[in-house]
Each structure stands twice: as C-alpha cells, then as structure tokens.
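Single-structure report; data block below.
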Amino acid sequence: MAEHESGDLQLVGLSKRFGEFTAVHPLDLTIPEGSFFALLGPSGCGKTTTLRMVAGLEEPTDGRILIGDTDITHARAYQRNVNTVFQSYALFPHMSVLDNVAFGLRRKKDKDAKRKAQEALDLVQLGHTAAKRPNQLSGGMQQRVALARALVNRPDVLLLDEPLGALDLKLRRQMQIELKRIQQEVGLTFIHVTHDQEEAMTMADRIAVMNGGHLEQLADPTTLYEKPTSTFVANFLGQSNLLRARVTGSAGEGLARADVQGNEVVIDAAKVPDGLTDVWVGVRPEKLTLGESGGRNRLHGTVVDASFTGVATQYLVRTAAGADVVVVQQNDGSARAAVNENVTLSWEPGREFVLDAAQDDHAGMDEVA
Amino acid sequence: MAEVALGTGGAPARPRRRHVGWVPYALLAPGLLWLLVFFAAPMFTLGSQSLQEGNVFDGYVFTGNVSVYADALQKYWPHLLRSVGYAGAATVFALLLAYPLAYVIAQKAGRFQNLMLVLVVAPFFTSFLIRTLAWRTILSDTGPVTELAQRLHITDLLQAANLINNDTLLSSKFAVIAGLTYNFLPFMILPLYASLDRLDHRLVEAAEDLYASPFQAFRHVTWPMSLPGVVAGTLLTFIPAAGDYINSRLLGNTQTIMIGQVIDTQFLRVLDYPLAAALSFVLLLLILALVTTYVRRAGTEELV
C-alpha cells in the first residue's frame, strides 16, 4: 500500500546528553519499513527523547539517523518526511478540524490538500467534524484528528508519543485496535512510544524495551514475554516469579537439574546461560498450576492471599523457604484454594525462563504502569 | 477586552442557567454608581454644552445649535485626520517594537522574565508629563542623539521623508510620533506578553513537524494565536494616542497640532466651551467608529 519506497529507519550509535545527564546511551536500532514498532519503558528511560530525535525536535549529541540511504541526522524537523502524533495532541485551536489536517499538505503546496484531508478524516471516522474547532471534540476524537493530521502526509515514519495516555481504559483499548487496523491499511512505518506494556504487546510487531537510556531487549512480543533476557524485562512485561536456583547437573533429554529452595526441578537446558550455575528461574503466574496436574516440577507453600478477578483468581503463595509466588488460575470450574491452605504448585519443564542470578530480581518492578 | 479575546478564541461554553439572587447586582452597584456620576453625567453635560451658545462673560444658553458640529468639522478636520494618522503610525511602530520584545520576555527570558517585565513597567513610576519633557532633553538640538543622527545622515533621511523640517529632531512630526510611540509602548507590550506567554510551545513544534519552516510556523500559528493580544495592545495604544495633547504640545510645532491639543486650547484658553465640547464628541465618535470597524475585521478575519 505504501506509495513510495522509503526504506528502513536506522539509528546508528544515537545518543543524547543534557548537560551531565545522559538521556540516551549510544543506541543502535533498525526499524523495518512498514512495521509497527514500539519503544517501551518506564518514564525517563529515554524513549521520548529517542522519538524526538527522530522527529528532529531534539538534536542528537552523537550518532546518525537514516531513512533508507538518506542521512537525516541534521535535517530540521520541517525538512524530514516524518510526522508525530503528540501526547498532548497539539491541535491548532484557532483552525477548524479540516484545516488542522490539511496543515502539512498545504505547507507542501499540495493542490489537493482539502480533499485528501477530508479523506483522512473519513479514515478515522470523523468526516462529519471537519468544520468544527478541536476544542469542540472529545479527547478521543481529538486524538483521532491528531492521527489523521499526521497520517495524511504519508510520512516515511509516523511517530506516536504516548498518544493514548490521556484516554480512559475502554477508549484506549478501542483506539489500540483502531490504530493497528489503520497501520495495516496504510502500510506506513509506525513507531509507538509507550510505558504501557500491554499496549505495546497488543499493537506492535516488534518492541524495543528501554531502561535508563539503554536498550534492554529488542524482540517480538511473544519472545519478550516468554524469553526475557533480563530481570528488568521479566518484571516490566507482565508479572514474573523469579526463583533463586542452582543448576546441579543434567537430567538428560535436553533438560537440566536445578535446586530451587530445596525442591529439585528440571528445566530446559538450552535456556540456561552458558556456564552459569547461580540463576533465576522465572515462571509466569499463569504457567503455574494449583495442584499437581500442571507438570513434573513441584513447589509447596501456603496461600496468603487470594483475589478473585472474574475470569481468574490470583493467589499469593508463600513457599516454605519464604519466597512469595503469584499464581493465576483460570476460573474454569476447578477447585479453588482458601487462604492459609497448604498447596502444591506445579509446572511443566520448558515453560520457565532462566536468567543470571547476578541481576537484581526487583529491577523494573516499581516501574510497572 | 473580553469580547476581543472571545471573538478570536472560539465559542465560549454556554453557562448553565440557575437562580440569580441579588448578590450580582450588589457587586455591580458601586461600579455602576461611579460610572453614572463620573462618566454618564459628565458626558451628558458635555453633550448639552456643545449645543449651547453665548460667551464666557454673559454665560451660555442652551439653544440646540447643531451647526457648531459643522463648524468644528470644517475648521478642524485636518487636526482630526492628523491625530488619527499620528496615532496610527505610533501604534504600528509600537507594535513593531513591542512584538519581538514581548516574544522574548514570554518565550525566551527564563529567569529574567520578571525583571524584564518590571523594566517594561518602570517608566510608569514617573509622570507622563515628566517622561515627555525628558524627550525634549533627549532630542534637544545640541544633544548627542541629534548629533549622532546628523552624523549618520538620519536627519537627511527624515527630512526627505518630510518628518522633520530642518536638520534637528525636536519640534517635528518625527518627535511627536516618537513620543507617542514611547509613551504608549508598555500598553502594547503587556497584552502582547500576556497572549504570547499563554502560547503553548508544543503547537509551534507541531507546526514544524508538519513541514512549516520557522517563518511559516510564526505566520500560521504564533501570530494568529497572539492576535487577541495584538488587538488589545493596538486599541490600548491607539485610543489614548489619538486623543493625546501632551506630545504634540511639548515635542511638536504649529504644523503638528493634534486634536487633543485643540480641545485643550479651546476649553482652557479660548474658553469656547461649545466648540470644545463638540470637538470632544466628534473625536469620541470617530474613534468609536474606527475601533468598531477594526475589531470586527480582526475578529472575523480568516486566520489560516
């Protein structure tokens, strides 16, 4: 669907310092043309600064930005074929909705500005609001106008700076699906900056997780969730139970034997980082089963808290060694456990991930949005 | 100025209807009373005075003599036109000087913002008259300003433009307009500052993101967004400047007499009260007509 070949967006050793503070450490990223890419991280992780450098609103301290073969590192914002949907929407209050959307086209002296703007408004289902002023629209509608205003220019790269942050939860879910649909329809490269891990996973083909100005991990949503490479990613994306373990030997069939707080478990040997014996064994709450039906690996403990959320029940189980483990049990009719009940938890080997024990098991925990 | 601000800022929210007690009237009463005694009543007196005949020794009698208005216009229309012209020129110069200054104070001054605002207001600590008298010293024939202007041939330039009559600066069109510009400059800066201070810098960023060069971003975003301040500032400058009688007297010559000075003379020296009152009314109506047209135009102007 893309009208012209623009090429991939490449960030080469891109960094930004504000005085003594380094907002973005040298960053290398390639964002394939036509992909829906998310920059995910807690506030202050450098994701917005990275986005602003791509937009041309911030001058990089070092490094280069390329679209295809064109170096745009030092091009001014208005010279780049890159458009942004701002967090504050930044709609021009003194113009009609249609004039807002046509703004970019008119600057490019497009003779068809009005018709194209109207079409873009129709695409976001706001064709009927063309003559209104932005402040006459609701937050969700303004957000869609901001999207149309950027989309209509068919930029090489469309930047979204937490565009859904100001919307309520229901509207946000709706807009996530809508954004994804529009991206597939127009086929442009979208870079979405967000601190909402669920939003990033719902929409993006690939996600770059950033923390403290560094890139933590770059992968598709499934890989990020199933095989996080750091405790930060494990904790920031969803919930993780990180169990301190010691790898004791091989169990055959590609499995390794490990000691978790006195319980012997078997884990996927391929997941153990080379040469490590002190590790974190991470198991997602939904991969643990209350009772013994979940698989070969067992843990024992006492239920200290149970909260019913409708589709599921979330248990907090304290193991004999004093570790707190979160278990999510689907509300599928199976027996529920009561607080203070002694329970057995089980999981199937291979459903865990393994990280170096040298990492902080609380990294990224406080930042969960 | 409220109408001005609303006129360009989009539709205001309709207030919800509810019971209105006596409190609003009580709050309005002192102000209304003040206006009644010190504005409405004098206006009425002035109006009736303009239709009286007589002289200061035998007293004036109300005769409904409307022809005084025709006389006033016939005799003093050059002064009226000149006043509008000078005030208009001073307004334009004040805008040209004030806009960049207000922009810097509002958007770039950072921690110096308050200091700069105080400096803008500082001249108000001395009287209008003193400030204008000071300009006589500044522009005096033997002063350094005149000397410098002569050496740089600025005087030749001004003379060619018919703004001064000889190679000195004082007692000229130039001096009167410069004085008016200076005296009313703060009235231009402050409303401009207020509207530029409110301007969200992210809108300018958005414009640049949408392919607008810095100039285009100014032309299509900053300028139209600051129009309420421009309208307020130009009115606050033009209206008092058009009726001013100090600058033309202290800095001008016999060829630069403005209508305010004429009225002043008629009232206090010639003692021709009907003529002075009629001229006051003419000036009032003229300014009202000009301002109404201007505000209408500025309010409905296509901003994009």
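Computed from a predicted model, the values in this text were never measured in an experiment. Chain naming here is simple, since letters A, B, ... match the order of the sequence lines and numbering starts at 1 in each.
The salt bridge (charged side-chain N to carboxylate O under 4.0 Å, His left out) check on A:Lys47 picks up A:Glu162, with sequence neighbours excluded.
Both the backbone and the side chain of B:Ala207 come within contact range of chain A, with heavy atoms under 4.5 Å apart. Interface residue A:Leu91: only backbone heavy atoms are found under 4.5 Å from chain B. Interface remark: A:Arg149 contributes backbone and side-chain atoms alike to the contact with chain B (heavy atom separation under 4.5 Å). Both the backbone and the side chain of B:Asp209 come within contact range of chain A, each with at least one heavy atom under 4.5 Å from a heavy atom of that chain. Of the two parts of B:Gln216, only the side chain, counted from C-beta on, holds a non-hydrogen atom closer than 4.5 Å to a non-hydrogen atom of chain A.
Between the CD atom of B:Glu208 and the CZ atom of A:Arg80 there is a distance of 11.5 Å, given to the nearest 0.5 Å. With rounding to the nearest 0.5 angstrom, the NE2 atom of B:His220 is 10.0 Å from the CZ atom of A:Phe92.
Residue-environment remark: CZ (A:Phe18) exceeds the threshold of 12 foreign heavy atoms within 6.0 Å. By the 6.0 Å contact criterion, CZ on B:Phe128 is enclosed, its count of non-hydrogen atoms from other residues, nucleotides or ligands being greater than 12. With a 6.0 Å radius and a threshold of 12 heavy atoms from other residues, nucleotides or ligands, B:Phe93 has its CZ atom at or below the threshold. Annotation: B:Tyr25, atom OH; neighbour count of heavy atoms from other residues, nucleotides and ligands within 6.0 Å does not exceed 12. Annotation for A:Lys180: atom NZ counts as buried by contact number, over 12 foreign heavy atoms lying within 6.0 Å. Summarising the local packing, CG of A:Asp69 is surrounded by 12 or fewer heavy atoms from other residues, nucleotides or ligands at distances under 6.0 Å.
Across every non-hydrogen atom of B:Arg202 and A:Ala90, the tightest pair is O-CB, 3.9 Å. Closest approach of A:Pro93 to B:Leu203, counting heavy atoms only: CD-CD1, 3.7 Å.
With a 4.5 Å cut-off on side-chain heavy atoms, B:Tyr211 and A:Asn81 count as touching.
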